[in-house]
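Here the structure is laid out as structure tokens; the discussion comes afterwards.
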Amino acid sequence: MVSSRLSGVLALLATSLSVVHVSGQTFQRLGTCPTLGCILPPDQQDFLPGQQFDIRFEVHAPKNGSEAFNDGVPDEKFTVTIAKDNGTPKSIASFFQLKDEPSLEKWTFSWFEDLFAQDAKTPSVVNVASKIYRRVALYEPGTYTVTLNYYSGKTTTATWVVRPLATKKKAKNVILFIGDGMTTNMITAARLLGHKSINGKYQSTLQLDKFPTLGHQMTHSIDSFITDSANSASALYTGHKTTVNAMGVYVDSSPDNFDDPKVENVIELLKRIWGSAWGAVTTAFIADATPTALTAHTRSRYDYGALIEQALNGFSNTSWTKMDGPDVYFGGGAEQFLPGSASYQGKDYYAEFAKRGYSVSLNKTSLLAAPNDTRALGIFCKSNLPVWLDRNIFPENTLKLKNDPSGASGPAKDIPGQKEMTLKAIDILHKRGGKDGFFLMSEAASIDKQMHVLDYERALGDLLELDDTVRATIQKLKDLGELDNTLIVVTADHGHGFDVFGGADTKYLAAQHDKDDRHKRSAVGVYHESGLSQYTVEQPGISYNTGPNFPVNWDPRYVIAAGTGAAPDRREQYGVGKNGSRTPAVTLPGMEANDYYVNPTDRTGGFVVNGTLPTTESQGVHSLTDVPVFAQGPCSGNFGGVYSNTDVFFKIADCLGLGHPTNKTIGGKGR
């Protein structure tokens with residue numbers, strides 16, 4: 001099991017230099033703690049009744065820098081009170097009826113106050129005194145005020161709100177689809193590619209277009225307005241925002257990645273209260289942020305091996321909810337399962353899962369043959385699954401890979417897609433969940449991953465695969481008689497600044513090879529000259545056998561001209577890249593190792609587009625945009641409007657009846 005000492009010296013080093021690698025304008029001593037007294041969870045947090053969490057208090061004493069205070073000696077005699085509504089404040093131990101006060105902890109960390117300090121290599125050093133109260137819960141709805149008193153008169157206050165009770169289970173099952181990085185603009189572009197229109201009227205539409213409820217969620221993280229996939233997934237699963245790279249915790253300043261104050265997530269609540277089955281499906285490596293945020297409690301999404309151990313065996317260094325491992329776990333990422341340096345303690349995690357009674361599948365044929373009454377692990381390649389476009393349109397690209405999940409040399413073969421994995425997951429979860437139902441998260445990961453490398457056709461191909469998976473899922477639930485019992489939510493964790501702004505004539509652009517870049521740009525048509533979509537126009541000799549709802553021609557002469565607002569220097573040629581996913585920017589011989597330039601071998605017939613990011617960034621980055629939320633089934637009407645990403649959790653939790661006035665623990669039984 002994962003130990004709190006897992007990271008040791010490396011974790012201490014990572015903490016003490018945590019800001020060194022940040023290229024940006026805003027530096028923070030501790031993002032949720034603008035004063036020298038820190039309360040975690042911080043001010044303005046909401047809780048589900050009965051949701052278990054840890055509370056940490058820190059008192060900081062900077063030794064140097066603009067905040068230097070008290071000669072660097074933290075107040076070890078700080079006190080804390082908590083009061084409900086206008087009630088009498090009580091000590092934390094008294095309020096939560098704890099037998100003992102936790103021990104005082106002390107440590108030191110350092111940070112850079114700004115870019116000038118970073119350039120000068122002059123960190124500010126901070127000494128800390130801290131206490132942490134483990135596994136408490138608030139059961140009564142209302143407003144709670146927590147007050148930290150320190151340094152003879154200084155106070156820090158946090159206001160917490162406990163949401164209304166939700167004790168009735170209104171949906172037997174929940175399926176949460178996450179299109180990683182997916183925005184409304186991408187959905188619009190995918191519709192243009194996959195669905196034919198005549199005189200401006202679509203002859204068919206996406207399955208997402210048919211959902212009865214559409215809302216939007218704001219994706220900010222707790223201490224920055226641009227999020228990453230770890231803390232945004234954590235917000236969707238816990239109802240609590242956190243810091244970039246963190247999952248299931250509020251980030252503290254301690255040297256250990258695994259001792260930060262935790263908060264119970266939807267899976268842990270569901271297992272504890274109802275004993276339901278659950279599973280995760282992803283087209284990424286399974287240790288990636290979106291799937292592991294269902295089980296992880298860490299400030300670092302990059303402890304991949306430990307996160308697989310945590311998914312299987314739970315959290316071991318403190319008392320915590322037992323969720324007993326997934327019933328279904330499908331994706332890529334064989335590196336964390338093969339014995340070696342990338343797996344936790346070098347163990348064979350295929351064998352570890354098998355010891356726990358899991359069937360183990362390494363290809364689609366084995367997956368489809370796996371029994372539905374047995375817990376199932378399916379790992380189908382190293383790293384991420386090849387994208388839909390390469391699996392179905394340019395399969396020769398997959399043969400270049402060395403990603404066999406068994407560890408053998410050569411490519412992975414017979415790989416399932418998101419649809420095959422999701423449908424098999426439903427079969428297993430339906431069988432194993434029985435009357436207690438199930439929760440399934442299914443992620444289309446490479447919408448995001450291909451947007452990062454500015455490979456828009458590959459990103460949109462995976463978005464169309466997601467839509468096709470949703471369509472097949474609805475039919476599967478109908479066949480099982482479970483559609484009316486199942487809340488289906490389709491959303492994203494964050495967005496990218498992508499849009500289509502016109503069309504491009506690839507034939508004309510290719511003919512301008514001897515012209516300068518400004519002239520090449522005349523191949524782009526805007527407004528009336530953008531023309532009509534050619535992706536749905538059949539051409540003699542071109543047939544992919546991918547069925548309806550996908551383009552019939554991925555390589556027409558006239559293609560979408562698309563771009564993103566946050567990207568490195570690159571060359572744009574438009575049209576699909578036939579040789580695999582692109583690498584838009586690279587380092588060059590003789591130049592600095594972290595300085596990126598236009599890749600001289602990428603899209604060589606195009607024109608250079610200047611970037612908008614620091615030159616240390618080799619890919620596009622996430623954006624501020626709100627992202628859509630589609631819902632159908634029980635409780636779906638609650639998902640309309642505009643709200644925080646944390647409210648997705650509360651809406652799902654309300655539908656599943658997860659908010660209780662007592663420590664309800666009737667589930668958790670093994671299956």
Side-chain angles (χ1 to χ4, degrees), residues 4-22 24 26-43 45 53-76 78 80 102-114 117-118 122-134 146 148 150-151 154 156 158 221-224 230-231 234 240-263 297-303 317-318:
S4 65
R5 294 175 175 80
L6 171 72
S7 302
V9 175
L10 292 177
L12 176 61
L13 180 63
T15 302
S16 64
L17 300 178
S18 60
V19 191
V20 172
H21 303 293
V22 174
T26 304
F27 291 59
Q28 303 173 61
R29 173 172 33 82
L30 185 62
T32 54
C33 184
T35 66
L36 297 182
C38 312
I39 302 174
L40 301 169
D43 189 31
Q45 303 309 296
F53 63 101
D54 301 332
I55 313 173
R56 183 180 286 284
F57 301 99
E58 296 185 13
V59 175
H60 291 184
K63 292 179 63 176
N64 61 317
S66 65
E67 294 184 308
F69 186 81
N70 206 39
D71 294 325
V73 180
D75 183 359
E76 298 180 9
F78 62 85
V80 188
S103 301
L104 183 75
E105 301 176 55
K106 294 187 286 184
W107 62 78
T108 299
F109 72 94
S110 63
W111 69 294
F112 293 106
E113 292 193 8
D114 57 23
Q118 179 177 277
T122 55
S124 296
V125 177
V126 183
N127 292 325
V128 181
S130 175
K131 286 185 177 182
I132 189 163
Y133 298 80
R134 298 287 187 186
V146 183
L148 171 63
Y150 55 104
Y151 290 137
K154 290 185 178 293
T156 298
S221 66
I222 199 166
D223 51 12
S224 63
N231 75 90
S234 187
H240 293 254
K241 293 178 182 288
T242 185
T243 298
V244 168
N245 295 329
M247 302 180 288
V249 297
Y250 285 97
V251 171
D252 63 23
S253 67
S254 73
D256 192 329
N257 285 349
F258 289 95
D259 78 340
D260 299 40
K262 303 180 293 299
V263 61
H297 297 281
T298 177
R299 77 169 70 123
S300 175
R301 61 183 288 182
Y302 300 110
D303 289 316
N317 68 334
T318 61

* Please confirm whether the backbone N or O of Gly72 pairs with a side-chain atom of Asn127, one donor and one acceptor, at under 3.5 Å? => yes

* Note, Phe69 side chain near Val126 side chain (heavy atom, < 4.5 Å) -> no

* Asked: So, the side chain of Glu113 versus the backbone of Ser66: is there a donor-acceptor pair under 3.5 Å, distance only?
  -> yes

* In terms of side-chain geometry, is the basic nitrogen of Arg56 or Glu105 positioned less than 4.0 Å from the acidic oxygen of its partner? -> yes

* Asked: So, do Ile222 and Gln45 sit near enough that their side-chain heavy atoms are less than 4.5 Å apart?
  -> yes

* Would Val80 and Tyr133 satisfy side chain to side chain contact (heavy atoms under 4.5 Å, CB included), going step by step from the backbone distance to the final call? -> CA-CA 11 Å; Val80 188; Tyr133 298 80; 5.6 Å; no

* Would you give the length of the straight line joining atom OG1 of Thr242 to atom CG of Leu40, rounded to the nearest 0.5 angstrom? => 9.0 Å

* Please round to the nearest 0.5 Å and tell me the distance separating atom CD of Gln118 and atom CZ of Phe27. => 4.5 Å

* Side-chain donor/acceptor of Tyr150 to backbone N/O of Gly37, under 3.5 Å -> yes

* Spacing of OG1 belonging to Thr35 relative to NZ belonging to Lys154, to within rounding of 0.5 Å -> 8.5 Å

* Asked: Would a distance-only check, ignoring hydrogens and angles, find a side-chain to backbone donor-acceptor pair under 3.5 Å from Asp223 to Thr32?
  -> no

* Quick one: closest heavy-atom pair of Pro41 and Ala158, and the distance? => O-CB, 4.4 Å

* side chain to side chain contact (heavy atoms under 4.5 Å, CB included) involving Val125 - partner list, sequence neighbours excluded -> Lys63, Asn64, Thr108, Ser110

* Trace of the side chain to side chain contact (heavy atoms under 4.5 Å, CB included) decision for Thr156 with Phe57 -> CA-CA 10 Å; Thr156 298; Phe57 301 99; over 6 Å; no

* Structure fact -> d(Glu58 CD, Leu148 CG) to nearest 0.5 Å is 10.5 Å

* Working for side chain to side chain contact (heavy atoms under 4.5 Å, CB included), residues Val59 and Glu76 -> CA-CA 8 Å; Val59 175; Glu76 298 180 9; over 6 Å; no

* **Option from Ser253, Ser130, Ser254 for which side chain to side chain donor-acceptor pair (under 3.5 Å) with Trp107 holds** => Ser253

* Backbone N or O of Tyr151 within a donor-acceptor pair of the Asp75 side chain at under 3.5 Å? -> yes

* Asked: When rounded to the nearest 0.5 angstrom, what distance separates OH in Tyr250 from SG in Cys33?
  -> 14.5 Å

* N/O donor-acceptor pair under 3.5 Å between Ser234 side chain and Gly248 backbone -> yes

* Do the side chains of Leu36 and Arg29 get nearer than 4.5 Å, heavy atoms only? -> yes

* To do: Kindly assign one of parallel, tilted or perpendicular to the pair His60 and Phe109, based on the angle between their ring planes and the thresholds 30° and 60°.
  => perpendicular

* CG-OG distance between Asn231 and Ser224, expressed to the nearest 0.5 angstrom -> 6.5 Å

* Asked: Between Thr298 and Asp260, does a side chain to side chain contact (heavy atoms under 4.5 Å, CB included) hold up when you go through it step by step?
  -> CA-CA 7 Å; Thr298 177; Asp260 299 40; over 6 Å; no

* **Under-4.0 Å salt bridge between Asp252 and Arg299** => yes

* Considering all heavy atoms of both residues, which atom of Trp111 and which atom of Glu67 are nearest to each other, and what is their separation? -> CZ2-OE1, 3.6 Å

